[in-house]
Peer 1: 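So that we are looking at the same thing, I have put the structure below in structure tokens.
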Amino acid sequence: MPRIWLMKSEPEVFSFEDLQAAANRTTMWEGVRNYQARNFMRDRMQKGDTVLFYHSNCKEPGIVGLAEISSTEAYPDPTQFDPESAYFDPKSDPANPRWLVVDVTFAKSVPPVALKAIKAHPELSAMKVAQRGMRLSVQPVEEEHLAIIQRDFWD
DNA sequence: GCCAACGTTGGC
DNA sequence: GCCAACGTTGGC
């Protein structure tokens, strides 16, 4: 059963437009350094899962596009071993890598759904992303919530 | 740029 | 194992 995920990215670092312009319209989702987010990628994500691509820490935060998981499973994040990378983690053991990535592929451009619209929507305000203090960068999305977004924003 | 909320670290 | 200090996230 395919799942739905919301994945945050700062557009100044990597935007949905960057994904669309990437080779094979695909990127390694590097830089996740949170155990809960990693565990979702490691334990729950499957190839073909839907991704709501979310822009954070920007002028108009919100869902800006659709993507999908395109790797069959999570695999070690190479940036954790690269001293030049901002994501370098000297405590990660190459024999037992601490951090993982999945591949994410562009699926479809959609009208943006602003965070403020999610918060204002009576049927969407329960979404994790709308909860205060919620900073998990990879989070599951309920099927009903995607259905409501499609019905009210994308049809 | 501010700062609340949260996760991690490390002394004890 | 507790918890204060610290660093980061991310909306505003």
Peer 1: Side chains of A/Asp103 and A/Tyr75: closer than 4.5 Å at any heavy-atom pair?
Peer 2: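 Touching, per the 4.5 Å side-chain cut-off.
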Peer 1: Give a yes or no answer on whether the side chain of A/Ser15 reaches the backbone of A/Asp18 with a donor-acceptor pair at less than 3.5 Å.
Peer 2: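 It does hold such a pair.
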Peer 1: Checking ring pair (Phe, Tyr, Trp, His ring centres under 6.0 Å) against A/Trp5, which of A/Phe53, A/Tyr54, A/Trp29, A/Phe40 comes through?
Peer 2: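 By the ring pair (Phe, Tyr, Trp, His ring centres under 6.0 Å) criterion, A/Trp5 pairs with just one of A/Phe53, A/Tyr54, A/Trp29, A/Phe40: A/Phe40.
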Peer 1: Hey, does A/Ile149 have a side-chain heavy atom less than 4.5 Å from the side chain of A/Leu124?
Peer 2: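 Contact flag for A/Leu124/A/Ile149 side chains = yes.
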Peer 1: Quick one: how far along DNA chain B does chain A reach, first to last nucleotide 5' to 3', anything under 4.0 Å to a heavy atom?
Peer 2: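 First and last nucleotides in contact are B/dA4 to B/dT9.
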Peer 1: Under 3.5 Å, is there a donor-acceptor pair between the A/Thr79 and A/Arg33 side chains?
Peer 2: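 Note: A/Thr79 and A/Arg33 side chains meet the donor-acceptor criterion.
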Peer 1: Under 4.0 Å from any atom of DNA chain C, heavy atoms only: list the residues of residues 112-134 of chain A that qualify, in numerical order.
Peer 2: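 Contacts with DNA chain C under 4.0 Å: A/Leu115, A/Lys119.
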Peer 1: Without swapping roles, check the side chain of A/Gln131 against the backbone of A/Ser125 for a donor-acceptor pair under 3.5 Å.
Peer 2: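 Indeed, once roles are kept as given, a pair shorter than 3.5 Å links the two residues.
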Peer 1: For DNA chain B, whose closest nucleotide is more 5', that of A/Asn57 or that of A/Asn34?
Peer 2: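 Comparing both residues, the 5'-ward one is A/Asn57.
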Peer 1: Working to the nearest 0.5 Å, report the span between CG of A/Leu19 and OG1 of A/Thr26.
Peer 2: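 With rounding to 0.5 Å, CG (A/Leu19) is 7.0 Å from OG1 (A/Thr26).
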Peer 1: Measuring from atom CD of A/Glu12 to atom OG of A/Ser56, what distance do you get when rounded to the nearest 0.5 angstrom?
Peer 2: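 Taking CD in A/Glu12 and OG in A/Ser56, the distance rounds to 10.5 Å.
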